[in-house]
Enquirer: 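Right, I'll just put the structure down here and ask away after.
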Amino acid sequence: MTDPVNDSRHPGVRIPAALAKALASARRVVALTGAGVSAESGVPTFRDALAGLWARYDPLELATPSAFARHPKLVWDWYASRRDALRAAAPNPGHRALVEIERRVPSFLLATQNVDGLHAKAGSRSLVELHGNLERVRCSRDGEVVDRWNAPAADEPPRCPRCGAFLRPDVVWFEEALPAEALERADDAARRCDLMIVAGTSAEVYPAAGLPRTAKAHGALVVEVNPDATPLTPLCDHAIAARSGLALPALVAAAWPAHAAGPSGAAPSAREGGGAK
Ligand code: APR
């Protein structure tokens, strides 16, 4: 039997044969992702985003409802600068591997804490964005998402075209609850899955960090992908200590060896093998 641990396309990433087999035969899979999955796309983590001009601020001064009430323009500008930085970012092989897994298992849900929208850009369809999406803007009064607004006064964020309240990013701030429907969907999937992949998250911020614990308590196999250990590592059935841009494609290649080599998931053809790019 081929040993999927030693796949030459993913040197250095060891995928245990038992894990490859479990993924290939899983009926219900959930993936939970965090900032680490976007690191290889060059997206700064929340803390890294407080660099340069923003280095003198504390996240609690910028990512809370009370900060927005006190300094709406400052908070708006910070998110606008993060939105601008995102324009250059593209999905990486880790994002794409999760799309491949979604295509291959009967039931799949991707729950992400990332607000960068890169999973959707990669093609993930069954997706819940637990912490919102940086590219969306909503009314700070009634929460309605707004696509267009008039140029704001210099010292203010733009205002809602319907009611005149300030607009704000559609992300979850500290002190705020997660969108109930998104959390319920993720929690329900965690209870029912037979395998959960936890990639690129420090697994410290609740309630998202509770999802792998829920999955484990309900009998799922839990797999962590993270170069560093986290509080979740001791609870996991498998911990792959590698970057997600390498480890997730290696996991796909190990689980579905006949399919994973080609760009569209097909077996490699002579044309693809030619290397003319
Ligand atoms: N591949 C996989 N994991 C990586 C990579 C990589 N290339 N690079 C870094 N990591 C890991 C780090 O080791 C760390 O454990 O990703 C994790 C990132 O942790 P955090 O920055 O805490 O991100 P996350 O877990 O998503 O944070 C949760 O907290 O900061 C708030 O609201 C913010 O959604 C965020 C939430």
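Bear in mind the structure is a predicted one, so any value in this text is a computation, not a measurement. Heads up: numbering here begins at 1 and tracks the sequence. Both ligands and their constituent atoms are indexed starting at 1 by order of listing.
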Enquirer: Test of understanding: given a 4.0 Å heavy-atom threshold, classify the contact between H131 and ligand 1 as side chain, backbone, both, or neither.
Expert: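 For H131, the contact with ligand 1 is made by the side chain alone.
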Enquirer: Please work out which of the three classes, parallel, tilted or perpendicular, describes the rings of H95 and H119, given edges at 30° and 60°.
Expert: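 It falls in the perpendicular class, over 60°.
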Enquirer: According to side chain to side chain contact (heavy atoms under 4.5 Å, CB included), who are the partners of A154, at least two apart in sequence or on a separate chain?
Expert: none
Enquirer: My understanding is that only residues two or more places apart in sequence, or in another chain, count here; which of them pass ring pair (Phe, Tyr, Trp, His ring centres under 6.0 Å) with F166?
Expert: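 Partners of F166 by the ring pair (Phe, Tyr, Trp, His ring centres under 6.0 Å) criterion come out as none, since no residue qualifies.
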Enquirer: Tell me whether R168 forms a cation-pi arrangement with W149, defined as NZ or CZ under 6.0 Å from the six-membered ring centre and within 45 degrees of its axis.
Expert: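 Not satisfied by the 6.0 Å and 45° rule.
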Enquirer: Taking only heavy atoms of G200, which atoms of ligand 1 are found under 4.0 Å from at least one of them?
Expert: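 The list of qualifying atoms is 2 (C), 3 (N), 16 (O), 17 (C), 18 (C).
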Enquirer: Going by heavy-atom distance to atom 10 (N) of ligand 1, choose the closest among G36, A209, G245.
Expert: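 Residue with the shortest heavy-atom distance to the ligand atom: G36.
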Enquirer: With heavy atoms only and a cut-off of under 4.0 Å, state how V205 meets ligand 1: side chain, backbone, both or neither.
Expert: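 Within the 4.0 Å criterion, V205 contacts ligand 1 through side-chain atoms alone.
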Enquirer: Could you tell me, atom by atom, which parts of ligand 1 come under 4.0 Å of a heavy atom of S244?
Expert: 1 (N), 2 (C), 6 (C)
Enquirer: Given that the side chain starts at C-beta and the backbone is N, CA, C, O, which of these parts of E40 lies under 4.0 Å from ligand 1, counting heavy atoms, or is it both or neither?
Expert: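 Near ligand 1, E40 shows its side chain, while the N, CA, C and O stay back.
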Enquirer: Counting only heavy atoms, tell me which of T201, L232, V171 gets closest to atom 25 (O) of ligand 1.
Expert: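 It is T201 whose heavy atom sits nearest to atom 25 (O) of ligand 1.
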Enquirer: Can you confirm whether more than 12 heavy atoms, excluding those of D84, are under 6.0 Å from its CG atom?
Expert: yes
